[in-house]
Amino acid sequence: QKEVEQDPGPLSVPEGAIVSLNCTYSNSAFQYFMWYRQYSRKGPELLMYTYSSGNKEDGRFTAQVDKSSKYISLFIRDSQPSDSATYLCASMGPGANNLFFGTGTRLTVIP
Amino acid sequence: EAGVAQSPRYKIIEKRQSVAFWCNPISGHATLYWYQQILGQGPKLLIQFQNNGVVDDSQLPKDRFSAERLKGVDSTLKIQPAKLEDSAVYLCASRRAGTANTGELFFGEGSRLTVL
């Protein structure tokens, strides 16, 4: 079983739609959760990170973690064509240095 | 602030040949990582350095991969001999001190390796 599982998509939505991206993880010791965005032929860049359970909002983006179900979500409101990218979820445990990444979900927002 | 620099961006070699990738992290970042990203997958850690010491190389295939970080700045990753399954993007990342719990890594654009 992989540490972090993610639906690879691809996902295609019209501009302005609400996007929901999801991951599950297997290690109950994980406490730190991140979402990275990766544009084509670029390195990933950190979009958001959260600690433990709960929600975190940053502009049009909301990250949600439910530790009871080991579920990680990213919501994008009013999606824009510039949001078209691959979104990678990642997790790590306390005191750990290694991020475990999901496979990434490729998102396309159609104008 | 300059980002993480990597070279070469693209490399095509035949199996059993050798290849080396170079990384220059963001100035002052003591922690440096090499990740392997196979097409359609997420990055997988190969090795982590703290200054010029190895923190974690448990996932590095040591029979063919080697890495070093001399003087705690630049790093090189070498593959010898290469196999077809080594075709991937090799990402270098660095991290600022005190940010371990944010998971914030700064990635370079990667070196894309094709093994024929």
Non-hydrogen atoms of chain B under 4.5 Å away: do they reach the side chain of [X], the backbone, both or neither?
{"X": "A:Leu99", "value": "both"}
{"X": "A:Gln38", "value": "side chain"}
{"X": "A:Arg106", "value": "neither"}

Open item on the list: So, taking the atom named CG in A:Leu46 and the one named CZ in B:Arg95, what distance separates them when rounded to the nearest 0.5 Å?
Closed with: 12.5 Å
Task: Interatomic distance, A:Lys2 atom NZ to B:Gln41 atom CD [nearest 0.5 angstrom] - done: 5.5 Å
- [ ] Using non-hydrogen atoms and a 4.5 Å limit, figure out which bit of B:Glu104 sits close to chain A: side chain, backbone, both or neither.
- [x] both
Can you list the residues of [range] that sit under 4.5 Å from chain A, counting heavy atoms only?
{"range": "residues 50-59 of chain B", "answer": "B:Val55"}
{"range": "residues 4-35 of chain B", "answer": "B:Arg9, B:Tyr10, B:Tyr33, B:Tyr35"}
{"range": "residues 67-90 of chain B", "answer": "none"}

Task: Nearest heavy-atom neighbours spanning B:Gly42 and A:Leu88 - done: CA-CD2, 4.0 Å
Task: By salt bridge (charged side-chain N to carboxylate O under 4.0 Å, His left out) - contacts of A:Arg37 (at least two apart) - done: A:Glu45
[X] and [Y]: same hydrophobic cluster, using ILVMFWY side-chain contacts below 4.5 Å?
{"X": "A:Phe61", "Y": "A:Val65", "answer": "yes"}
{"X": "B:Leu45", "Y": "A:Val4", "answer": "no"}
{"X": "A:Trp35", "Y": "A:Phe75", "answer": "no"}
{"X": "A:Tyr49", "Y": "B:Phe106", "answer": "no"}
{"X": "A:Tyr87", "Y": "A:Phe100", "answer": "yes"}

Task: Contact check, side chains of A:Tyr36 and B:Leu105, non-hydrogen atoms, under 4.5 Å - done: yes
TODO: Determine whether A:Pro44 and B:Leu91 make a side-chain contact, defined as any pair of heavy atoms from C-beta on separated by less than 4.5 Å.
DONE: yes
